[in-house]
Amino acid sequence: MTLRAGVMGLGVMGRNHARVLAGLAGVEFVGVFDPAESTPDFVHDRPVFRDLDEFLAQGLSYVVVAAPTVYHLEMGTRLAEGGIHALIEKPVASTSEDARALRDLFDAKGLIGGVGHIERYNPALQAARQRIEAGLLGDIYQVTTRRQGPFPGRIADVGVIKDLATHDIDLTAWVTQQQYVSVNARTTFRSGRPHEDMVLAVGTLSSGTIASHTVNWLTPFKERTTVITGEKGSLVADTLTADLTYYKNGTIRSEWEQVSTFRGVVEGDVTRFALERREPLLAEHEAFRDSVINGVAKGIVTLDEGAKVVQIAEKMAADGLLHRPSAVLE
């Protein structure tokens with residue numbers, strides 16, 4: 001069975017999606033829809049359509065929506081009404097209300113809808129979840145993420161929470177298999193844009209795990225780190241290099257009196273795991289392709305999960321605005 005797939009939007013992510021689809025087994029890449037005059041006429045030897053109706057008339061099995069977030073509801077609705085499955089880039093919609101509307105529409109039509117939270121497919125985080133499921137850490141106490149770097153010029157319609165923090169919201173819930181039950185945040189606006197460019201957030205998950213997220217576009221170096229701490233040690237995932245390191249709690253007693261009086265954990269063995277480093281975007285596409293073929297969403301980020309991420313992001317943004325500096329504590 002060969003699926004026919006296309007892409008909506010030829011920005012940075014749209015070009016990457018087109019590249020993967022052009023070489024994906026079991027899929028025929030049909031082309032791209034993008035009305036911008038600056039786009040080329042062909043991508044990977046497939047046409048770039050300027051007319052949406054013409055694009056949708058190509059007998060498409062599924063489409064990747066990689067247009068700006070403000071168009072996701074409109075484009076997703078057109079696809080669902082046409083009986084076309086969709087993989088929608090994160091965030092799935094501009095608001096949680098729009099996200100739920102897409103979820104309900106795709107469910108009503110019996111279509112597979114997915115969200116492009118690509119971090120789930122990073123080899124380091126995939127391996128971390130497998131080891132957590134196997135009991136490597138025991139009970140999970142804390143998840144800390146740091147996602148920092150310079151401002152990317154491609155971002156126009158959202159702030160750092162919906163563009164970057166949504167990655168951390170999704171991966172934290174997924175890797176721990178818990179849900180957020182509360183979240184508090186502080187935001188700042190330093191670059192002169194109408195959207196926030198820095199957020200510090202703290203959340204509580206459904207099994208009592210504490211989550212903290214440091215996310216910004218104001219750091220002159222790029223960092224993508226997730227630290228998961230449990231009763232038996234910590235896992236540190238670097239998603240830039242796809243490295244996963246395990247810091248085990250020590251079991252050797254210390255004879256140094258000043259140190260041995262501390263009743264917390266001690267340093268133990270450190271293990272850096274050897275991982276198979278597959279491209280996350282390819283793994284994401286393979287999972288979505290297989291879900292469409294089998295008619296069951298498996299191994300993908302569902303529209304329901306994507307809607308919950310947007311809901312948490314909205315709470316972060318609202319709480320950040322609520323606590324903007326106005327006075328000095330005495």
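Hydrogens, waters and symmetry mates are skipped; everything else that's a heavy atom, side chains included, is used. None of the values given here were measured: they were computed from a predicted structure.
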Check your understanding: Any Lys/Arg nitrogen of E305 or R103 sitting under 4.0 Å from an Asp/Glu carboxylate oxygen of the other?
Key -> no

Practice item. Decide side-chain contact (heavy atoms from CB on, under 4.5 Å) for V27 and R4; before the verdict, give the C-alpha distance in whole Å, the side-chain angles of both, and the deciding distance to 0.1 Å. Key: CA-CA 6 Å; V27 172; R4 290 172 59 82; over 6 Å; no

Study note, to complete from the structure: Residues passing the salt bridge (Lys or Arg N to Asp or Glu O under 4.0 Å) test with K308, sequence neighbours excluded, are D304

Practice item. State whether the side chain of S291 and the backbone N or O of A297 hold a donor-acceptor pair below 3.5 Å, judged by distance alone. Key: no

Practice item. Heavy atoms only: give me the nearest V115-G306 pair and the separation to one decimal. Key: CG2-CA, 4.0 Å

Check your understanding: Does R78 count as lying over the ring of F55, i.e. NZ or CZ under 6.0 Å from the six-ring centre, within 45 degrees of the axis?
Key -> no

Exercise for review: Scan R147, R146, R224 and name whichever one has a side-chain hydrogen bond (donor to acceptor under 3.5 Å, both in side chains) with D168.
Suggested key: R147

Practice item. Any chance you could measure L235, atom CG, to T226, atom OG1, to the nearest 0.5 Å? Key: 10.5 Å

Point to revise | H72 side, atom NE2; M8 side, atom CE - distance, nearest 0.5 Å | key: 10.5 Å

Check your understanding: Does a donor on one side chain sit under 3.5 Å from an acceptor on the other, for E314 and S96?
Key -> yes

Check your understanding: Is it true that the side chains of E28 and T2 contain a donor and an acceptor less than 3.5 Å apart?
Key -> no

Check your understanding: For atom CD of E276, is the number of surrounding heavy atoms from other residues, nucleotides or ligands below 6.0 Å larger than 12?
Key -> no

Check your understanding: In this structure, are over 12 heavy atoms from other groups packed under 6.0 Å from D104 atom CG?
Key -> yes

Review point. How far does OH of Y247 sit from CG of D269, to the nearest 0.5 angstrom?
Key: 12.5 Å

Point to revise | Donor on one side chain, acceptor on other, S191 and R193, under 3.5 Å | key: no

**Study point:** For the student: nearest non-hydrogen atoms of V32 and F29, plus distance
**Key:** CG2-CZ, 3.7 Å

Exercise for review: Give a yes or no answer on whether the side chain of T209 reaches the backbone of I140 with a donor-acceptor pair at less than 3.5 Å.
Suggested key: yes

Revision key, fill the gap. In short, L3 meets Y62 closest at the heavy-atom pair CD1-CE2, 3.7 Å

Point to revise | Atom of A80, atom of F106 and distance for their closest heavy-atom approach | key: CB-CE1, 3.8 Å

Check your understanding: Mind checking whether F189 and L200 sit in one hydrophobic cluster, side chains of I, L, V, M, F, W, Y counted as touching below 4.5 Å?
Key -> no

Revision key, fill the gap. Which of E284, K90, E89 passes side-chain contact (heavy atoms from CB on, under 4.5 Å) with H117? Answer is K90

Revision key, fill the gap. Residues G113 and I300: closest non-hydrogen pair is O-CD1, 4.0 Å

**Study point:** I161 backbone acceptor or donor facing E196 side chain under 3.5 Å
**Key:** yes

Point to revise | Spacing of Y141 atom OH and I228 atom CD1 [to the nearest 0.5 Å] | key: 15.0 Å

Review point. Is V70 linked to V63 within one hydrophobic cluster, defined over Ile, Leu, Val, Met, Phe, Trp and Tyr using a side-chain heavy-atom separation of less than 4.5 Å?
Key: yes

Point to revise | side-chain contact (heavy atoms from CB on, under 4.5 Å) evaluation trace for V236 with V227 | key: CA-CA 5 Å; V236 179; V227 182; 4.2 Å; yes

Review point. How long is the gap from CD1 on I84 to CG on L111, to the nearest 0.5 Å?
Key: 9.0 Å

Practice item. Look at the side chain of S206 and the backbone N and O of Q179, then say whether any donor-acceptor pair between them is shorter than 3.5 Å. Key: yes

Practice item. Look at the side chain of R278 and the backbone N and O of A283, then say whether any donor-acceptor pair between them is shorter than 3.5 Å. Key: no

Review point. Would you say R131's side chain and Q126's backbone share a donor-acceptor pair under 3.5 angstrom?
Key: no

Study note, to complete from the structure: Rounded to the nearest 0.5 Å, the CD atom of E54 sits from the CZ atom of F33 at a distance of 10.5 Å

Point to revise | Residues S234, T229; criterion side-chain hydrogen bond (donor to acceptor under 3.5 Å, both in side chains); working and verdict | key: CA-CA 4 Å; S234 295; T229 300; 3.0 Å; yes

**Study point:** Joint cluster assignment, V7 & L282, ILVMFWY side-chain distance < 4.5 Å
**Key:** yes

Practice item. Anything under 30° is parallel, anything over 60° is perpendicular, the rest tilted; go ahead and classify H213 against Y180. Key: tilted

Review point. Can any side-chain N or O of Q148 pair as donor or acceptor with the backbone N or O of N216 at less than 3.5 Å?
Key: no

Check your understanding: Around atom CG of D51, are there more than 12 heavy atoms of other residues, nucleotides or ligands at under 6.0 Å?
Key -> yes

Review point. Have R50 and T39 got a donor and an acceptor in their side chains that come within less than 3.5 Å?
Key: yes

Exercise for review: Assess whether side-chain contact (heavy atoms from CB on, under 4.5 Å) is satisfied between V65 and Y71, documenting all intermediate values.
Suggested key: CA-CA 9 Å; V65 178; Y71 300 115; over 6 Å; no

Practice item. Assess whether side-chain contact (heavy atoms from CB on, under 4.5 Å) is satisfied between T145 and T225, documenting all intermediate values. Key: CA-CA 6 Å; T145 69; T225 305; over 6 Å; no

**Study point:** Backbone of D290 reached by a side-chain donor or acceptor of N294 within 3.5 Å
**Key:** yes

Review point. Should I312 and L171 be regarded as members of a common hydrophobic cluster, given that ILVMFWY residues are connected when their side-chain heavy atoms come within less than 4.5 Å of each other, either directly or indirectly?
Key: no

Exercise for review: Over all heavy atoms of both residues, which pair between D34 and L10 is shortest? Give the atoms and the distance, please.
Suggested key: OD2-N, 2.8 Å

Practice item. Would you check, one step at a time, whether the test side-chain hydrogen bond (donor to acceptor under 3.5 Å, both in side chains) holds for S212 with T144? Key: CA-CA 5 Å; S212 64; T144 300; 3.3 Å; yes

Check your understanding: Between the side chain of D319 and the main-chain N/O of A185, is any donor-acceptor distance below 3.5 Å?
Key -> yes

Check your understanding: Is there a path of hydrophobic side-chain contacts, each under 4.5 Å between heavy atoms of I, L, V, M, F, W or Y residues, that connects L205 with V175?
Key -> no

Review point. Do you know which of L275, T239, L125 makes side-chain contact (heavy atoms from CB on, under 4.5 Å) with L244?
Key: L275

Check your understanding: R272 side chain to D243 main-chain N or O, any donor-acceptor pair under 3.5 Å?
Key -> no

Review point. Within a radius of less than 6.0 Å around CD of E231, do more than 12 heavy atoms belonging to other residues, nucleotides or ligands occur?
Key: yes

Exercise for review: Using a strict 4.0 Å threshold on nitrogen-to-oxygen distance, state whether R190 and D197 make a salt bridge.
Suggested key: no

